Amino acid sequence: MNQPPSVPEHVDAVVVGAGFSGLYMLYRLRQLGLSAKVIEAADDVGGTWYWNRYPGARCDIPTTDYTFSFDPELEKEWTWSEKYATQPEILDYLRFVADRHGLRSDIEFSTAVTAARWDEQDKRWELSTSGGARISCRFYIMATGCLSMPKQPDIEGADRFAGPVYFTSRWPHEGVDFTGQRVAVIGTGSSGIQSIPLIARQASALTVFQRTPNFSIPARNGPAPADRLERIAQDRDAYRHDARWSRGGVPIEPTDVLGGTASPEVRRERFEAAWEQGELFGILNVFADQGVNPATNELVAEMIREKIRSTVTDPATAEALCPKDHYFGTKRPCLDTGYFETYNLPHVRLVDLRRQPIVSITEDGIETADESFAFDAIVYATGFDAMTGALVAVDVTGRDGTSLEAKWAGRPSTYLGLMTTGFPNFFMLTGPGSPSVLSNMAVSIEQHVDWVAGCLKDLRDQGLETIEPTAVAEAGWNQHVQDCAAITLHPTANSWYMGANVPGKPRFFLPYIGGVDAYRQACDDVAAQGYLGFRLAGPGGERCQDGVIRSMQPDVAMVLEFMASLGLPPMESLSAEDARAFMAAAAETRPPGPAVGEITDGVIPLPAADLPYRLYRPAGPAEEPRPLVVYFHGGGWVLGNLDSDDPLCRDLCARTGAVVVSVNYRHAPEDRFPAAAEDAFAAVQWAGANAIELGGIPGQLAVAGWSAGANVAAVACQLARDAGGPAISGQLLICPVVDSDMTRPSYTENGDGYILTTPLMRWFWDYYADPADRTDPRLAPLRGNLDGLPSAAIVTADFDPLRDDGLAYARALTEAGVPVRLIRARGHTHTSVTMVDVVISSAPVRAEMAAALSAFFPATEPVT
Ligand SMILES: Cc1cc2nc3c(=O)[nH]c(=O)nc-3n(C[C@H](O)[C@H](O)[C@H](O)COP(=O)(O)OP(=O)(O)OC[C@H]3O[C@@H](n4cnc5c(N)ncnc54)[C@H](O)[C@@H]3O)c2cc1C
C-alpha cells in the first residue's frame, strides 16, 4: 500500500472534474497566472459526455447553443454536424478544446478526490485523492457536475441478477450488442427515452418498466437550424450576448400570450409550432403562464397527451404513457426520436409499475406483483443524485470541523449556488441555488467560471486571501431561491429538481428558477457592491459588507420592471381626474379575482351624500347569515372606487366566508378632510344597524381597508368607540396610513421606485387635508386615544413608504393593550399585496389576512 507523501504538493487552485466546467475553469486559472491542477476520476476529459455513452445519448439543447463561447476562434474551427449532436461528437469536441488549449498537462486522470479539509491556520485546503496523494491549495473548486453521481437502484434483489447489468450513466466504452436478447429497461427519464428506441432495434424482446410517465416531444433532429446558424454567422457576439442575458441561456423571445385569454385557434397554432420546432425552450414557452397557472399548464399537457394517444396504437399502453401526476415542465421534459412509436413494435412492451410494482430482481429476470419476466440483460436508466450528490460524496470538512454532508443534512444551503458558509475558498460550479440544470448549462458554466475567476483576481489585486459568505447573505439567498420556486408549479412535483428521486434526500427545490439573466445580474451586483454578503480577509485585515442581495419577491420585481418599462409619468404630475382615468384603464386589464356567491351593488343613504357600496356574498346558502366586513378601498383619499379593489374584496370574501361590503366614500379634492373619515364611520354605523338585511350576523362586524382605506377604517374604529357603538369585532389594516409625519425611515428607504412614492404621498396629503388639520386623530389615528379599540391585524410590506406607519400603529396599539397581529408581507410593496392573481407571492399574505379576519369572529373558520 502506498504511504501518503509527507509533504503535500502545493498549488494555488485545485479543480475537481474535467467536464465543461473543469476545462474552462483551468483555462481561466491559467490566464490569471495561478498554478492549478485538475483531478478527474475518469481516464479522459468530457465529464457527462465521457460517462453517458448509452445508445441515443445526445444533448437536448441545440448544439449551436450548447457550446463554449469564450473562444471565438474555437467557434470558427468547430462545426456541429447536427441540431442535437450525439455523445461521441460532444466528447470529441471537449477533447478538441482540451487539446487546443493544451489543458491535459494539468489534469490528473483516473484519480478521485476523496476528502478535503480546511486548515484554518494556513488558510489552505488539503485534499486527499484515491491515489493516496495529498494536495494543498488555496482555492478548492468543485466542477464535479450536477448529473454525475448515478443514483443506485433501490430495488429489492438488484445484485441478484446473473446476466449483464448496464447503467446508462456508466455505459461500456466498447458498446453493447443486444441482438437477439430479451432486454429490460428500468426507467423512463431522459436517458431511458433516448435509449429505448435504439435498444428496441436490436433486442428480440424489450420490456420497459415505467414508474412515472414523462412528457416528451419529438426532437426533429437533423442539420443545425439554418436560421440560427445565420444569426450566429451575422453577429456571433450579439448572439452569445443575448444568450447570456436570456432566461434559459438560449436567446428566444419570451411570449406574453396567456393560455386563458388566447383563442382556441391561437392556442393550437402556438402549440403545433412548438411541437414542430422540437426544442425544450420552445415547448416551455407556448404560453407565458404555463409554468405558474395550473389551467394553462393543463392546456399544454393535454395537447401533448393527445399526441401520445394518436401515436401509440394500443389505447391502454397510450394511456399508461400519458403523464398525469405532474404539471408539464415541473420534471425535465424530454426530447425523443421515435420514443412513443417504439411501443407500436410487436416485441416491445410497457410495464406500468404503478399497476404492478417490482417485487424483486431475480437471478434470471424481474418479478412484479403480477408476473415473472425472464431477461438476458437489464438496463438501468434510473438517473442521478442530482446537484448535491457529487459534492457531498467527497468528505469535505470546513472551518469549524463540520462536514459539508452534515451541514446539508437538513437542506443544501449556498450563497448564489457558488459558496457556502463555513467553507472558505470553496467554490461550486453550477451548485444548488444556481440556474444550472434549468438552463443551457454551457452558458451557466461559463458564467460561474467567469465569476469565480473575477473573484480570485479581485482577491489577489486587493491583497486578500480568503472569501466566505455570511450567514445572513446565505439565508437570504436560500429564501430567494425558494421564493422564486414557490410562485411556480415546480415544487408540486416529485422531481429530481426537488431531490425526490433519492430516498431520504431533503425535499427542496434545488436550482434557481429566476432565470439565467436575473441570476447573472445578482452575481454581478454582489461583486459590484464589494462582494456584498461575503467576508473577505487577508494579511491586511478583514472586510465584510453584510446584506442580502435579493429580498423582493420575484413576481413583485417583475411587475415593477414592467411598470418601469412603460415609462409612465409620475402619478403626482397628473391631475386627480387624469390619475383616476389612468387607474380605471389599468383596472380593466387585470384578472377579476376569485368567484364568489353573489355580488350586488347598492347605495347607503346618508345625510351628507349617498354612498355607493358593493356587497360580496360568499358561495353557499343565501339565507345563511355570515360575519360582516365593511371594507374601504385605497387610493390616498383621492383615487379608487368600488372597482379598484374589487379583486381584493372577492378574495377576502372567498377566503373568509364573510359578507364583504365595500364602501365608496367621498374623495378629495372635491370633498376634503374630514369627509372620507365621516363617511367611513357613518357607513359602519349603517352596516351595524342593517346587519341582518345585509346577510350578516348581528354583533359580528369587522372593518378592513387598504392604504387610505385602512386609515379611514382605523379612524372609524376610534369614532365608534367614542360614540359607544357599533361594536366592532376587529380591524384589518392593510398597509395603513396612520400619521402625517413623513420622516419615518421607510419614507426614505422606500420612497422611490415602488409605485407608491413619497412625492405621491405628499400629493395625496395636499389634496386631502390642510396642513393645520394633519394632527387631527380623524386623519392621523396614531395620534388619537388608542384605549379600548378592537383587536387589530396590521399588514406591513417591506418595500412600502408606509411600512413604518403600520409598525408604529401596531406598537402603539399593543402598548395601549389592544391585541395586535402583525402580518409582514415579506418582499412586497404597498400595492403588490392586493394584486390578486397577478402577484402570486401575495397569496400567502392574503391567506394570513383572511385567517386574521376570520379570527375576529370566533365561531368561523377561514374557508381556505
Ligand atoms: C445524458 C445527459 C445529457 C445532457 N444534456 C444536456 C444538454 O443538452 N444541455 C445542457 O445544458 N446540459 C445537459 N446535461 C447536463 C450536463 O451534465 C452539463 O451540461 C455539463 O456537461 C456538465 O458539465 P460539468 O463539467 O459541470 O460536469 P460533468 O460533465 O458532470 O463533469 C464532472 C466530472 O467530475 C468528475 N468527478 C466528480 N466527482 C469527482 C471526484 N470526487 N474526484 C474526481 N473527479 C470527480 C466526474 O468524473 C466528471 O467527469 C446533460 C446531462 C446528461 C447526463
Side-chain angles (χ1 to χ4, degrees), residues 14-26 37-54 56-63 65-68 83-87 90-91 93-94 97 107-116 127-131 135 140-151 167-171 189-195 219 243 248-250 279-281 332 334-335 381 383-387 389-396 428-431 434-446 448-449 496 511 516:
V14 167
V15 180
V16 189
F20 265 93
S21 309
L23 292 176
Y24 182 44
M25 191 73 245
L26 176 59
K37 186 170 179 122
V38 175
I39 309 287
E40 168 56 61
D43 63 12
D44 199 355
V45 299
T48 294
W49 305 103
Y50 171 91
W51 295 108
N52 292 270
R53 296 166 189 245
Y54 59 85
R58 291 175 187 275
C59 55
D60 59 11
I61 298 287
T63 8
D65 299 84
Y66 185 58
T67 196
F68 280 127
K83 175 180 167 191
Y84 298 110
T86 56
Q87 170 270 328
I90 304 174
L91 180 58
Y93 168 74
L94 291 170
V97 172
I107 306 177
E108 189 171 325
F109 291 108
S110 306
T111 306
V113 171
T114 53
L127 274 50
S128 310
T129 72
S130 54
I135 312 169
Y140 167 35
I141 304 168
M142 291 287 262
T144 43
C146 298
L147 299 170
S148 58
M149 177 58 67
K151 194 199 129 205
F167 292 85
T168 49
S169 54
R170 291 292 179 269
W171 205 255
S190 202
S191 305
I193 283 177
Q194 285 187 333
S195 60
V250 177
E279 289 194 25
L280 270 186
F281 288 122
R332 190 179 177 91
C334 306
L335 294 187
F384 301 91
D385 181 353
M387 300 205 69
L391 293 167
V392 296
V394 176
D395 179 14
V396 185
M428 294 163 274
L429 301 182
T430 68
S434 74
S436 60
V437 288
L438 294 175
S439 63
N440 170 5
M441 289 200 64
V443 169
S444 288
I445 286 168
E446 284 194 332
H448 257 196
V449 170
W496 56 257
V516 164

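Each ligand, and each atom within it, is numbered from 1 in the order the structure gives. Being a predicted model, the structure only gives us computed values, none of them experimental.
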task = Would you kindly say whether Ser439 and Ser444 are connected by a side-chain donor-acceptor distance under 3.5 Å?
result = yes
query = Roughly how far, to the nearest 0.5 Å, is the OG atom of Ser148 from the CG atom of Leu391?
reply = 8.0 Å
ask   = Is there a side-chain contact between Val394 and Thr144 (heavy atoms, below 4.5 Å)?
value =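 Not touching, per the 4.5 Å side-chain cut-off.
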task = Quick one: look up the protein heavy atom nearest atom 44 (N) of ligand 1 and list residue, atom name and how far away it is.
result =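 Ranked first by proximity to atom 44 (N) of ligand 1 is Ala41 N, 3.1 Å.
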Any side-chain heavy-atom pair of Leu91 and Tyr50 under 4.5 Å =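 In contact.
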query = Quick one: does Trp49's side chain get under 4.5 Å of Gln87's, heavy atoms only?
reply =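 Heavy-atom side-chain distance check passes, below 4.5 Å.
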Side-chain donor/acceptor of Asn440 to backbone N/O of Ile61, under 3.5 Å = no
message = If we ignore hydrogens and angles and just use 3.5 Å, is the side chain of Ser436 paired with the main-chain N or O of Ser434 as donor and acceptor?
response = yes
key: Contact partition for Tyr84 relative to ligand 1, non-hydrogen atoms under 4.0 Å   = neither
query = Looking only at non-hydrogen atoms, which of Tyr54, Tyr24, Tyr66 approaches atom 18 (C) of ligand 1 most closely?
reply = Tyr66
query = Could you state the interatomic distance from CE (Met142) to CD1 (Ile39), rounded to the nearest 0.5 Å?
reply =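 Taking CE in Met142 and CD1 in Ile39, the distance rounds to 12.0 Å.
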task = Among all protein heavy atoms, pick the one closest to atom 38 (N) of ligand 1 and tell me residue, atom and distance.
result =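 The answer is Thr144 CG2, 3.3 Å.
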Check: Tyr66/Asp60 side-chain N/O donor and acceptor closer than 3.5 Å = no
message = As an exercise, identify every atom of ligand 1 less than 4.0 angstrom from a heavy atom of Cys59.
response = 5 (N), 7 (C), 8 (O)
query = Less than 4.5 Å apart, any side-chain heavy atom of Leu335 and any of Leu280?
reply = yes
query = atom 17 (O) of ligand 1: which protein heavy atom is closest, and how many Å away?
reply =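 Result: Thr48 OG1, 2.7 Å.
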task = Using a strict 4.0 Å cut-off to heavy atoms of Ile39, name the atoms of ligand 1 that fall inside it.
result =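 In order of number, 43 (C), 44 (N).
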ask   = So, does Cys146 sit close enough to ligand 1 that a heavy atom of it is under 4.0 Å from the ligand?
value =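 Not so, Cys146 does not reach ligand 1.
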task = Please write down residue, atom name and distance for the protein heavy atom closest to atom 24 (P) of ligand 1.
result = Ser21 OG, 3.2 Å
message = Polar contacts were defined as any N/O atom of the residue lying under 3.5 Å from an N/O atom of the ligand; does this apply to Met441 and ligand 1?
response = yes
ask   = Does any N or O in the side chain of Glu279 come within less than 3.5 Å of the main-chain N or O of Pro62, such that one atom is a donor and the other an acceptor?
value = no
ask   = Do any heavy atoms of Thr111 fall under 4.0 Å from ligand 1?
value = yes
request  = May I ask whether Ser439 has any heavy atom positioned less than 4.0 angstrom from an atom of ligand 1?
outcome  = yes
Student check: side-chain heavy atoms of Phe20 and Ile90 closer than 4.5 Å =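 Contact flag for Phe20/Ile90 side chains = yes.
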key: Of the listed options Gly383, Ser148, Ala386, Gly47, closest to atom 31 (O) of ligand 1 (non-hydrogen atoms)   = Gly47
query = Relative to each other, are the rings of Tyr24 and Phe68 parallel, tilted or perpendicular (30° and 60° limits)?
reply =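 Geometry flag for Phe68 against Tyr24: tilted rings.
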request  = Of the side chain and backbone of Phe384, name the one, both, or neither that has a heavy atom under 4.0 Å from an atom of ligand 1.
outcome  =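 For Phe384, only side-chain atoms sit under 4.0 Å from ligand 1.
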query = Would you say ligand 1 has an N or O under 3.5 Å from any N or O of Ser191?
reply = no
message = For atom 23 (O) of ligand 1, what's the nearest protein heavy-atom neighbour? Residue, atom name and distance, please.
response = Ile445 CD1, 3.7 Å
task = Please write down residue, atom name and distance for the protein heavy atom closest to atom 42 (N) of ligand 1.
result = Val113 N, 2.9 Å
query = Where does Ile61 meet ligand 1, judged by heavy-atom distances below 4.0 Å: at the side chain, the backbone, both, or neither?
reply =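 Near ligand 1, Ile61 shows its backbone as well as its side chain.
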task = Heavy-atom distances under 4.0 Å are what count here, so tell me which part of Ser190 touches ligand 1: side chain, backbone, both or neither.
result = neither
message = Using a 4.0 Å cut-off to any heavy atom of Ala143, which atoms of ligand 1 qualify?
response =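 Numbered from 1, ligand 1 contributes 32 (C), 33 (C), 34 (O).
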key: Atom indices of ligand 1, in the order listed, that fall short of 4.0 Å to a heavy atom of Phe20   =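 Selected atoms, number and element: 21 (O), 23 (O), 25 (O).
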Close-contact set for ligand 1 against Ala112 heavy atoms, below 4.0 Å =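 Ligand 1 atoms under the 4.0 Å threshold to Ala112: 42 (N), 43 (C).
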query = Please state which protein non-hydrogen atom is closest to atom 7 (C) of ligand 1 and give its distance, to 0.1 Å?
reply =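 Nearest neighbour among protein heavy atoms for atom 7 (C) of ligand 1, to 0.1 Å: Asp60 OD1, 3.3 Å.
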inquiry  = Counting non-hydrogen protein atoms only, what is the nearest one to atom 33 (C) of ligand 1? Give residue, atom name and distance.
reply    = Glu40 OE1, 3.5 Å
inquiry  = Need the ligand 1 atom indices (1-based, order shown) with element for anything under 4.0 Å from a heavy-atom of Val394.
reply    =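 This gives 41 (N) as the contact atoms.
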key: Nearest-option assignment for atom 39 (C) of ligand 1, heavy atoms, candidates Leu94, Val15, Val16, Val250   =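 Going through Leu94, Val15, Val16, Val250 one by one, Val16 has the nearest heavy atom to atom 39 (C) of ligand 1.
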task = With the side chain counted from C-beta on, respond yes when Trp496 and Val437 share a heavy-atom pair under 4.5 Å apart, and no when they do not.
result =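 Yes; the side chains approach each other to less than 4.5 Å.
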Atoms in ligand 1 with a heavy atom of Gly17 nearer than 4.0 Å =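 In order of number, 33 (C), 34 (O), 35 (C).
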query = Can you find a pair of side-chain heavy atoms, one from Ile107 and one from Leu23, that are under 4.5 Å apart?
reply =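 A side-chain contact under 4.5 Å exists here.
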